[in-house]
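Here the structure comes first, spelled out in structure tokens, and everything after it is commentary.
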Amino acid sequence: MSAPRSSYSRVAITLHWLIALLIIGNFVGGLLMEDLLKPDATAAQKQLGFTIVQLHKSFGLTVLVLSLARLALRLTAGAPPLPAHMTSIERLLAKVTHVGFYAVMILVPLSGWVMVSASPLGFPTMYFGLFEWPHLPVATSAATSGAASEAHEVMAFIGVGLFVLHVGGALKHHFLDRDDVLARMLPFLRKTAA
């Protein structure tokens, strides 16, 4: 048997930060496009909004694909063990946060894809302007599209809550516990003794 990993692989670290940046950017873009697509928006605002919608969908689908790759890596390669000093409550919070993140990273883009696929408007998804991404084989229905839209928004805000919990936990580990949990994802940080 090999010794447990003390850090994440370069691939896992790259996927972690790339997905995080894409999600943050897409969340901001999602908030911005709502304002640009209001009925009283100017033609220029609506055109910009449509461009942002296409980018939002492209980045969201990229998050979905990368998150599935990240989940496969996590399931096959595992993760470094949690520090021994963590309480059972802290371990449970860490587990719930990570499982929640994977659920959000997969279900938010998937619900967006369902929303677009079921929309009676039938707008195509042009993946970064390179090709048309296919719709899911769901029935065209305003009700289905609306329910998927609501789920998309609710889960995105759940993701914000998980993000705050995750960042707070990482900072607690680094500054209060003085362990190497944050350094596992930021290798340039000097690992401190517990």
Side-chain angles (χ1 to χ4, degrees), residues 13-72 74 93 96-171 185-186:
I13 292 169
T14 300
L15 285 171
H16 176 274
W17 291 108
L18 181 58
I19 292 168
L21 290 173
L22 289 172
I23 289 172
I24 291 167
N26 233 17
F27 184 80
V28 171
L31 295 175
L32 180 61
M33 73 186 182
E34 280 189 13
D35 284 339
L36 294 172
L37 296 174
K38 287 183 178 173
D40 61 344
T42 66
Q45 287 173 321
K46 287 180 181 178
Q47 182 58 44
L48 177 59
F50 180 76
T51 300
I52 291 173
V53 166
Q54 288 296 332
L55 288 171
H56 182 81
K57 292 191 288 185
S58 297
F59 283 121
L61 290 165
T62 302
V63 166
L64 176 61
V65 170
L66 293 176
S67 296
L68 290 171
R70 177 72 178 101
L71 178 59
R74 177 80 179 234
L93 275 174
V96 167
T97 301
H98 280 100
V99 169
F101 260 134
Y102 280 107
V104 164
M105 292 184 315
I106 292 167
L107 293 176
V108 168
L110 193 56
S111 63
W113 193 6
V114 170
M115 173 179 52
V116 169
S117 299
S119 174
L121 299 175
F123 286 126
T125 296
M126 298 305 298
Y127 188 77
F128 294 111
L130 300 173
F131 59 89
E132 186 174 334
W133 189 278
H135 285 171
L136 290 168
V138 295
T140 300
S141 160
T144 301
S145 184
S149 175
E150 186 66 26
H152 187 72
E153 186 173 339
V154 167
M155 287 186 291
F157 280 101
I158 289 171
V160 171
L162 289 170
F163 173 79
V164 169
L165 188 61
H166 184 64
V167 170
L171 294 175
M185 273 297 169
L186 289 172

Test side-chain contact (heavy atoms from CB on, under 4.5 Å), reference M33, set V28, L48, V53, output is V53
Give the minimum heavy-atom separation between E34 and K38, together with the two atoms involved. O-CG, 3.4 Å
Test applied, side-chain contact (heavy atoms from CB on, under 4.5 Å); reference residue, W113; option that passes from L64, V138, V108: L64
Restricting to non-hydrogen atoms, name the atom on P109 and the atom on V63 that form the minimum distance, rounded to 0.1 Å. CG-CG1, 4.4 Å
Considering residues at least two apart in sequence or located in another chain, which fulfil the side chain to side chain donor-acceptor pair (under 3.5 Å) criterion with Y102? none
Any donor-acceptor pair under 3.5 Å from W17 side chain to L186 backbone: no
Minimum heavy-atom separation for A139 to A118, with atom names? O-CB, 3.7 Å
Check whether S145 reaches the backbone of M115 with its side chain - one donor and one acceptor, N or O, closer than 3.5 Å. yes
Is T97 reaching over with its side chain to a backbone N or O of L93, donor-acceptor style, under 3.5 angstrom? yes
Grab the two heavy atoms, one from L136 and one from S117, that are nearest each other, plus how far apart they are. N-OG, 2.7 Å
If only atom types and distance count, is the side chain of K57 paired as donor or acceptor with the main-chain N or O of G112 below 3.5 Å? no
Return the CG to CZ distance between L55 and F50, rounded to the nearest 0.5 Å. 10.5 Å
T42 backbone acceptor or donor facing Q47 side chain under 3.5 Å: no
Please name the residue in the list I19, N26, L21 that meets the side-chain contact (heavy atoms from CB on, under 4.5 Å) test with I23. I19
Mind checking the CG-CD1 spacing from L18 to I13? Nearest 0.5 Å is all I need. 13.5 Å
Under 3.5 Å, is there a donor on one side chain and an acceptor on the other for H152 and S111? yes
State the CD-CD1 distance between E153 and I158, to the nearest 0.5 angstrom. 11.5 Å
Before giving the answer on side chain to side chain contact (heavy atoms under 4.5 Å, CB included), spell out for F128 and T62 the whole-Å C-alpha distance, their side-chain angles and the decisive distance to 0.1 Å. CA-CA 10 Å; F128 294 111; T62 302; 3.6 Å; yes
Spatial distance of atom CE (M126) from atom CH2 (W133) [nearest 0.5 Å]: 12.5 Å
Inter-residue atom distance H135.NE2 - T125.OG1, 0.5 Å rounding: 4.5 Å
Value rounded to 0.5 Å, distance of CE in M155 from CG in L162: 12.0 Å
Does the pair F163 and F157 meet the rule for a ring pair (Phe, Tyr, Trp, His ring centres under 6.0 Å), with working shown? CA-CA 10 Å; F163 173 79; F157 280 101; over 10 Å; no
